[in-house]
Amino acid sequence: MTEKKQIRAIKGTRDILPPDSALWNWFERSAREVFETYGFRDIRLPIFEQTDLFARSIGADTDVVGKEMYTFEDRDDSSISLRPEATASVARAYIEHGMHTLPGNVKLYYMGPMFRRERPQKGRYRQFYQVGAEILGQSDAPAIDAEALEMLMVLFERVGLAQTKLYVNSIGCKDCRPKYVELLREELRNVKDKLGADSQRRIETNPLRVLDSKLPEEQSIIEELPRISDHLCEACRQHFATLQQELSLRGIAYEQNWRLVRGLDYYTRTTFEVTAAGLGSQNAVCGGGRYDGLVELLGGHPTKGIGFAIGTDRVILSLQEGEKRLSMPGLAVFVAWMNSATYPTAVKIARTLRDAGFSVELLPEEMKFKKSLGLADRLGARYVLIIGEDEVASGNFTLKRLSDREQKKFSDSALIEYLQLEGRGSGA
RNA sequence: GUGAGCGUAGCUCAGCCGGUAGAGCAUCGGUCUGUGGAACCGAGGGUCGUGGGUUCAAAUCCCAUCGCUCACCCCA
């Protein structure tokens with residue numbers, strides 16, 4: 001009993017406290033607003049799923065599934081994993097609820113925590129948050145991809161994310177990609193001895209990932225490698241070309257990056273990534289792409305799909321580095337009462353003000369008047385409602401505005417009317 | 001999983017050629033009994049990350065360990 005170990009948050013998890021939480025809420029609210037103008041609707045998904053869902057969709061051999069998932073045995077011995085991302089869950093839900101019968105494309109967005117057991121660093125946590133959107137349906141029209149990217153960039157623009165850069169690529173389809181991968185592998189074998197150990201290993205396991213390498217000494221070699229854009233099949237080439245036209249039509253600035261590959265197996269054709277200012281080496285705030293085979297892979301009808309996931313932690317980090325500040329809504333009225341005789345009146349008026357939607361602080365115990373004013377000030381209240389014996393006797397309450405010390409008397413109905421007008425006037 | 005840097009009060013840090021733990025800010029109280037932000041006075045708050053070693057004596061020197069941070073890796 002004497003030995004008390006400090007209990008702390010698990011490595012890679014953290015508490016998001018006020019006032020930071022206000023910035024988070026604001027960003028998530030902005031995403032909802034923008035997404036809904038594009039016809040997307042909220043979907044709430046489980047935090048954990050059968051391990052198999054992720055193994056089959058993301059790929060059993062990927063790092064995410066192979067070594068980063070929080071997987072455990074449930075009491076009935078089934079294997080469960082905390083979700084490392086949500087696209088797989090959206091696809092699962094799409095199939096499970098027969099959403100292919102819904103009219104048009106199914107457009108869904110989600111937000112919430114994801115879990116990956118990596119070594120934490122700037123912009124990377126074991127419990128991290130994503131805001132994502134998915135479009136599923138029969139069509140793979142490039143306009144769908146373009147609209148998703150437009151929506152994404154509109155959101156970033158709206159929240160004032162600095163120095164955003166959109167990179168797009170096409171990694172081909174199940175027909176042309178394997179041929180390219182084989183070609184790439186052969187080329188890589190020729191230069192194997194000039195590559196680092198990681199890249200050498202990937203020649204056999206996943207040659208595309210070599211393109212991602214940051215090693216300075218490998219850069220000149222990688223630049224000489226065959227590029228996917230020269231080896232797409234006709235359909236994929238067309239798709240990518242039309243996508244670029246669609247982006248220009250919408251005035252979306254982008255940069256083609258032939259080395260952009262994704263680490264999840266389900267991606268096909270369009271892939272993209274957005275980077276922003278103020279981050280460490282984890283500078284991607286969003287990643288996504290097309291996944292036309294995913295629903296079928298999970299046992300549904302053949303379905304096209306595209307989506308993205310925004311790393312909320314990183315967006316917030318970037319906004320904060322950019323000195324983004326929110327004026328907290330704060331406390332509207334601090335109710336200061338004088339002594340036990342005035343207390344019942346204070347309780348009632350506080351309730352009335354709260355019912356009218358104002359943020360109200362009511363002292364829980366008697367306090368010297370001077371002290372309570374000081375407290376109101378430090379709590380950031382805009383007004384102090386003074387309830388002393390005079391006020392109780394007359395039924396008129398004194399409202400003091402802290403910013404300029406001005407005070408007026410009101411009956412309780414006139415008080416609410418006045419506060420509502422004031423609130424509108426100040427824009428607060 | 002690998003590497004590097006850093007661990008003293010809630011926060012920012014001082015003390016570190018060994019000699020019984022400090023400041024500023026914050027918090028709480030007082031000066032101040034119906035009118036705030038200031039000033040002044042005072043209080044609470046620390047197993048100096050943890051364990052071991054050297055020593056008469058360790059926040060300080062040595063070793064180990066844990067934690068945090070950043071980078072590799074991976075990715076949002």
Side-chain angles (χ1 to χ4, degrees), chain A residues 2-6 8-12 14 17 58 62-69 83-87 111-132 152 196-199 201-202 206 209 212-216 260-264 267 271-276 279-289 307-318 334 336-339 342 366-392 398-407:
Chain A
T2 47
E3 196 156 311
K4 284 183 203 153
K5 262 191 205 138
Q6 165 85 293
R8 8 160 83 256
I10 287 170
K11 184 201 281 284
R14 58 207 182 121
L17 310 171
I58 298 168
T62 58
D63 282 357
V64 169
V65 170
K67 45 193 193 194
E68 296 173 0
M69 277 208 302
R83 60 183 190 187
E85 57 111 45
T87 299
M111 51 187 67
M114 308 294 159
F115 305 85
R116 291 183 201 174
R117 198 180 188 291
E118 302 178 88
R119 198 70 169 259
Q121 74 186 66
K122 188 168 187 178
R124 191 171 77 183
Y125 306 94
R126 291 183 174 185
Q127 175 173 335
F128 61 102
Y129 296 80
Q130 288 188 336
V131 171
L152 183 61
D198 283 328
S199 291
R201 184 168 34 77
R202 291 194 193 110
N206 192 348
R209 291 228 64 88
D212 242 1
S213 167
K214 289 178 199 159
L215 285 182
L260 178 66
V261 297
R262 309 258 85 220
L264 313 183
Y267 285 117
T271 58
F272 54 89
E273 187 170 289
V274 179
T275 58
L279 300 166
S281 67
Q282 309 296 324
N283 65 346
V285 291
C286 178
F308 60 76
I310 299 166
T312 310
D313 305 77
R314 294 180 187 174
V315 169
I316 297 296
L317 206 58
S318 179
F334 184 97
W337 47 279
M338 297 294 178
N339 57 51
T342 63
E366 194 166 348
M367 189 179 272
K368 286 178 187 167
F369 185 59
K370 198 160 190 152
K371 255 183 75 175
S372 67
L373 275 182
L375 184 57
D377 182 44
R378 284 180 300 153
L379 288 176
R382 288 199 296 280
Y383 301 95
V384 174
L385 187 66
I386 299 167
I387 301 178
E389 289 177 346
D390 299 349
E391 283 80 3
V392 173
T398 304
L399 185 72
K400 181 187 184 73
R401 184 160 53 204
L402 288 179
S403 57
D404 58 6
R405 293 168 178 257
E406 200 159 309
Q407 50 188 69

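All values below were derived from every heavy atom in this structure, side-chain atoms included, with hydrogens, water molecules and symmetry-related copies excluded. Naming: A, B, ... by sequence-line order, numbering from 1 per chain.
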*Determine, for A/E85 against A/R116, whether the closest basic-nitrogen to carboxylate-oxygen distance falls under 4.0 angstrom.*
no
_Result of checking A/R14, A/K122, A/R124 against A/D313 for salt bridge (charged side-chain N to carboxylate O under 4.0 Å, His left out)_ = A/R14
*Take the protein atom CG of A/L260 and the nucleotide atom P of B/A76, then report the distance between them rounded to whole Å.*
10 Å
Using a cutoff of under 3.5 Å, can you pull out all pairs of nitrogen or oxygen atoms linking the protein to nucleotides 37-43 of chain B, with atom names and distances?
from	atom 1	to	atom 2	distance (Å)
B/G37	O4'	A/D377	OD2	3.1
B/G37	N7	A/R405	NH2	2.8
B/G37	O6	A/R405	NE	3.1

*Output all residues satisfying side-chain hydrogen bond (donor to acceptor under 3.5 Å, both in side chains) with A/E68, sequence neighbours left out; order by chain, then residue number.*
none
*Which part of the nucleic acid does A/G280 contact within heavy-atom distance under 4.0 Å: base, sugar-phosphate only, or nothing?*
sugar-phosphate
*asked:* Using heavy-atom distances to pick each residue's nearest nucleotide on RNA chain B, tell me which of A/C286 and A/I10 is more 5'.
replied: A/I10
*Name the nucleic acid region contacted by A/R116, choosing base, sugar-phosphate or nothing; use a 4.0 angstrom heavy-atom cut-off, strictly under.*
base
*Quick one: the side chain of A/Q121 and the base of B/C73, do they pair up donor-acceptor inside 3.5 Å?*
yes
*Take atom C1' in B/U69 and the same atom in B/U60, then report the distance between them in whole Å.*
24 Å
_Taking the minimum atom-to-atom distance to the side chain of A/L264, which one of B/A76, B/U35, B/G34 wins?_
B/A76
*Under the salt bridge (Lys or Arg N to Asp or Glu O under 4.0 Å) rule, what pairs show up with a residue in residues 366-381 of chain A, not counting sequence neighbours?*
none
Polar atom pairs between nucleotides 1-3 of chain B and protein, under 3.5 Å, N or O only, would you list them?
from	atom 1	to	atom 2	distance (Å)
B/U2	O4	A/R119	NH1	2.6

_Spacing of the C1' atoms in B/G30 and B/G5 (rounded, Å)_ = 46 Å
*Gap in Å between the two P atoms, one belonging to B/A21 and one to B/C48, rounded*: 9 Å
_Under a plain distance cut-off of 3.5 Å, with no hydrogens placed, do A/T398 and A/E391 share a side-chain donor-acceptor pair?_
yes
*Is the closest side-chain heavy-atom distance between A/Y129 and A/M111 below 4.5 Å?*
no
_Within-4.5 Å side-chain heavy-atom neighbours: A/K11 and A/R126_ = yes
*asked:* Looking at A/K11, I'd like to know whether one of its side-chain N or O atoms comes within less than 4.0 Å of OP1 or OP2 on B/C68.
replied: yes
*Which heavy atom of A/R209 sits nearest a heavy atom of A/V261, and at what distance?*
CA-CG2, 4.3 Å
*C1' atom, B/G44 versus B/G10: distance in rounded Å?*
13 Å
*asked:* For a quick check of understanding: with a heavy-atom distance under 4.0 Å over all strands, which category does A/G287 fall into, base, sugar-phosphate or nothing?
replied: sugar-phosphate
*Does a side-chain heavy-atom distance below 4.5 Å link A/N339 with A/E389?*
yes
*Kindly indicate, with the supporting measurements, whether the criterion side-chain contact (heavy atoms from CB on, under 4.5 Å) is fulfilled by A/V274 and A/I310.*
CA-CA 9 Å; A/V274 179; A/I310 299 166; over 6 Å; no
_Distance check, P atoms only: B/U47 and B/C11, in whole angstrom units._
13 Å
*Sub-3.5 Å donor-acceptor pair from the side chain of A/R401 to the main-chain atoms of A/E406, do we have one?*
no
*May I have the distance from A/Q282 (atom CD) to B/A71 (atom C1'), rounded to whole angstrom?*
9 Å
*For nucleotides 25-31 of chain B, just jot down a letter per nucleotide in 5' to 3' order: B, S or -, based on protein non-hydrogen atoms under 4.0 Å.*
--SSSSS
*Give A/A376 one of three labels, base, sugar-phosphate or nothing, depending on what nucleic acid heavy atoms sit under 4.0 Å from its own.*
nothing
*What nucleic acid atoms does A/Q407 come within less than 4.0 Å of, heavy atoms only: base, sugar-phosphate, or nothing?*
base
_Closest-nucleotide ordering on RNA chain B, the 5'-leading residue of A/G311 and A/M338_ = A/M338
*With a non-hydrogen cut-off below 4.0 angstrom, is A/E389 in contact with a base, only sugar-phosphate, or nothing?*
base
_Suppose we screen for side-chain hydrogen bond (donor to acceptor under 3.5 Å, both in side chains). Which residues come up paired with A/Q130, at least two apart in sequence or across chains?_
none
_Integer angstrom distance from the C1' of B/U65 to that of B/A57_ = 25 Å
_Of the options B/G67, B/A71, B/A76, whose atoms approach the side-chain atoms of A/R8 most closely?_
B/G67
*When all nucleic acid strands are considered with a 4.0 Å heavy-atom cut-off, which category describes A/E391: base, sugar-phosphate, or nothing?*
base
